[in-house]
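Have a look at the structure below, then the notes.
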Protein chains: 2
Amino acid sequence: MIFYLELKDEMIKMNHAVDHPRERILQAGIHLFSRRGFAATGVRELAEYAGVNLAMINYYYGSKIGVLKAIVDTFFTEYSRTVLENVAGEGPLETRIENLVRAVTRYLLANSGMMKIAVAEMPLDIPEVFEYKAQHFRQLKKLAGEHIVPLIEKSIGKKQPAEMIGPVLGGMLMGHFLFRPVIMAIGEVTLDAVFYEQYIRLVSHMLLYGLGKAGPGGRSITAGD
Amino acid sequence: MIFYLELKDEMIKMNHAVDHPRERILQAGIHLFSRRGFAATGVRELAEYAGVNLAMINYYYGSKIGVLKAIVDTFFTEYSRTVLENVAGEGPLETRIENLVRAVTRYLLANSGMMKIAVAEMPLDIPEVFEYKAQHFRQLKKLAGEHIVPLIEKSIGKKQPAEMIGPVLGGMLMGHFLFRPVIMAIGEVTLDAVFYEQYIRLVSHMLLYGLGKAGPGGRSITAGD
DNA sequence: GTATGCTCAAAACGTACGTTTGATTTTTTA
DNA sequence: TAAAAAATCAAACGTACGTTTTGAGCATAC
């Protein structure tokens, strides 16, 4: 369950925030926006799914877009924190990368709805929403510039803009979850814990060593380093 | 300009297919759906942007969703062909990967609107549309299984499901273009030909060698192979 | 020359949209 | 416990939606 301590002081006091209409609307928004799409989801549908009165949406969030902004805000905040907590530090590169991939994958697995909304469902033609997304993106770019770009430079030995590497990495990590509903529907693979453990190791390996032959142990690069 | 020879025989005969209302509607759909979103775009808005009469949309495509399906169909077909034409073959891995990244990047650069629609704007709650996407995804999965997975196995030495690698690769290549409008708005980097040449080399390198130290030349892995 | 296909403007179809209102109930405060 | 504040409700606001129909004008094909 997701908490939003920064939203309203009163929510901190409450011990059943999950049952609060405000939270119910948010969860309904995540569920419906990520499936039907933001524009295709009606406020009546949203209210019914949340089990609250129609007027409560505008009462708590001001507008339908207010719900969207709350979702996007939560996602980017939590995503940034997840990346930051796992990419910083001084341990060996292999450990840090695998921890990062594991943490981000687990977060996206638990919050793929929010991710889809944040990445794909934002109506960028609304200036207010666009600026909202740009603001969060600047944060992520700063994060990439401080922690990821140095790694790239060590590898390629050339300065690379943070605008390049952030989306590439993000897309790499998010790609699976954007297609997850379709992958599940095809049904030729079971998306269980075993799958994701293998997935995390695959992505970590690709991130560290790429497709190039890395030797039988899969770690020949660092072994000879 | 994009041609759709598979749509209708009559289009092949025409020498000004771009001016044809059918094509104008499709281009308008790509432009508007990718910016406002599919559900948020009205058919009157679509007709006006295309410069055709409102009734022409249903006349040619049956419904608003028909326009969407035509766009998605075109994208997946062209995307698959682009990947296939550049990943197959017997040349050195480095060359094939860089050619693949270059071709896909160029295609996505020219068709980022269609990509965004195909990846993000599909109303998956409509069974008909869902099945449409699943069908195309199966194709892509088969393609990945035949041409990409063998490369992975060479590197990691372990069988990996095609469902894993496809979306990871796709996300890696598409990530930048999903965020492109925001990147452009931030405006700290110019997305010109120079940028994309550097971008292609970065992604190719990451795909081949990852973030691991690849030596001063950036090719130490294959050099010692 | 008449049939067929294409394009148009305009109108109407019923439905659904996001938001607001004002009254009513519940909770908090003093 | 009485007054104030917050929360919840049903109903209505005007607008926009996707689609279909009408009837006319125009070109091309048989």
Side-chain angles (χ1 to χ4, degrees), chain A residues 7-26 28-29 32-33 35-71 117 121-123 125-129, chain B residues 7-29 32-33 35-71 117 121-123 125-126 128-129:
Chain A
L7 277 184
K8 268 205 169 180
D9 294 336
E10 72 205 24
M11 286 195 60
I12 303 176
K13 299 181 211 155
M14 309 192 66
N15 48 359
H16 293 102
V18 176
D19 284 340
H20 194 279
R22 174 169 216 130
E23 180 63 20
R24 302 254 295 273
I25 293 168
L26 203 82
L32 292 173
F33 293 169
R35 285 165 177 78
R36 292 209 203 294
F38 170 72
T41 303
V43 283
R44 286 165 185 82
E45 192 183 6
L46 184 61
E48 192 185 0
Y49 191 89
V52 301
N53 186 273
L54 170 62
M56 292 294 95
I57 294 171
N58 284 16
Y59 180 77
Y60 281 113
Y61 292 97
S63 67
K64 186 186 166 190
I65 286 192
V67 182
L68 179 74
K69 284 169 70 177
I71 294 171
I117 295 166
E121 286 292 344
M122 300 200 66
D125 55 311
I126 302 172
E128 180 196 4
V129 178
Chain B
L7 277 183
K8 267 205 169 179
D9 292 337
E10 73 205 22
M11 285 195 63
I12 303 176
K13 299 182 208 152
M14 308 195 67
N15 48 0
H16 292 100
V18 176
D19 285 340
H20 195 279
R22 172 169 217 129
E23 180 63 21
R24 302 253 295 272
I25 293 169
L26 203 82
Q27 293 302 327
L32 293 172
F33 293 169
R35 285 166 177 77
R36 292 207 202 294
F38 170 72
T41 304
V43 282
R44 287 165 183 83
E45 191 184 6
L46 185 62
E48 192 186 0
Y49 191 89
V52 301
N53 186 268
L54 170 62
M56 290 295 96
I57 293 172
N58 285 19
Y59 180 78
Y60 279 113
Y61 292 96
S63 66
K64 186 186 167 192
I65 286 191
V67 181
L68 180 72
K69 285 169 69 177
I71 293 171
I117 294 167
E121 287 292 344
M122 301 199 66
D125 55 310
I126 301 170
E128 181 196 4
V129 178

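Below, chain A is the first sequence line, B the second, and so on; all start at residue 1.
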Seminar exercise, completed: By nearest-heavy-atom nucleotide on DNA chain D, the more 5' of Leu54(A) and Tyr59(A) is Tyr59(A)
Exercise. What closest approach, in Å, do Val67(B) and Leu26(B) show between heavy atoms, and which atom pair accounts for it?
Worked result: O-CD1, 4.2 Å
Problem set entry | Where Phe38(A) and Glu121(A) come nearest, the two heavy atoms and their spacing | N-OE1, 3.2 Å
For this session: For Asn53(A) and dT20(C), give me the distance from atom CG to atom C1', rounded to whole Å.
Result: 12 Å
Problem set entry | Nearest-angstrom distance from the residue atom NE2 of His20(A) to P of dT26(C) | 16 Å
Exercise. Ala28(B) and Leu46(B): which non-hydrogen atoms are nearest, and at how many Å?
Worked result: C-CD1, 3.6 Å
For this session: Output the residues of residues 37-48 of chain A in contact with DNA chain C, where contact means a heavy atom of the residue under 4.0 Å from an atom of the strand; sort by number or write none.
Result: Thr41(A), Gly42(A), Val43(A), Arg44(A)
Problem set entry | Any donor-acceptor N/O pair, Tyr61(A) side chain to Met56(A) backbone, under 3.5 Å | no
Exercise. Once you round it to whole Å, what is the distance between P of dG18(C) and CG of Leu32(A)?
Worked result: 12 Å
Problem set entry | With sequence neighbours excluded, residues passing salt bridge (charged side-chain N to carboxylate O under 4.0 Å, His left out) with Glu45(B) | Arg36(B)
For this session: Write down the distance between CG (Asn58(A)) and P (dA11(D)), rounded to a whole number of angstrom.
Result: 19 Å
Exercise. Quick one: Ile57(B) CD1 to dG18(D) P, roughly how many Å, whole number?
Worked result: 9 Å
For this session: Answer yes or no on whether Arg24(A) is positioned over the face of Tyr49(A), meaning its NZ or CZ is under 6.0 Å from the six-membered ring centre and within 45° of the axis.
Result: no
For this session: Calculate the interatomic distance between Ile65(A) atom CD1 and dC17(C) atom P; express it in whole Å.
Result: 16 Å
Exercise. Checking Lys64(B) side chain against Thr41(B) main chain: does a donor-acceptor pair fall under 3.5 Å?
Worked result: yes
For this session: Rounded to the nearest angstrom, tell me the gap between atom CE in Met56(A) and atom P in dT25(C).
Result: 15 Å
Exercise. Mapping Ser63(B) and Gly51(A) to their closest nucleotides on DNA chain D, which lands nearer the 5' end?
Worked result: Gly51(A)
For this session: Taking only the side-chain heavy atoms of Ala55(A) (C-beta and beyond), determine which of dT21(C), dT19(C), dC8(C) contains the nearest atom.
Result: dT21(C)
For this session: Return the value, rounded to whole Å, for the distance between atom NZ of Lys64(B) and atom P of dA16(D).
Result: 15 Å
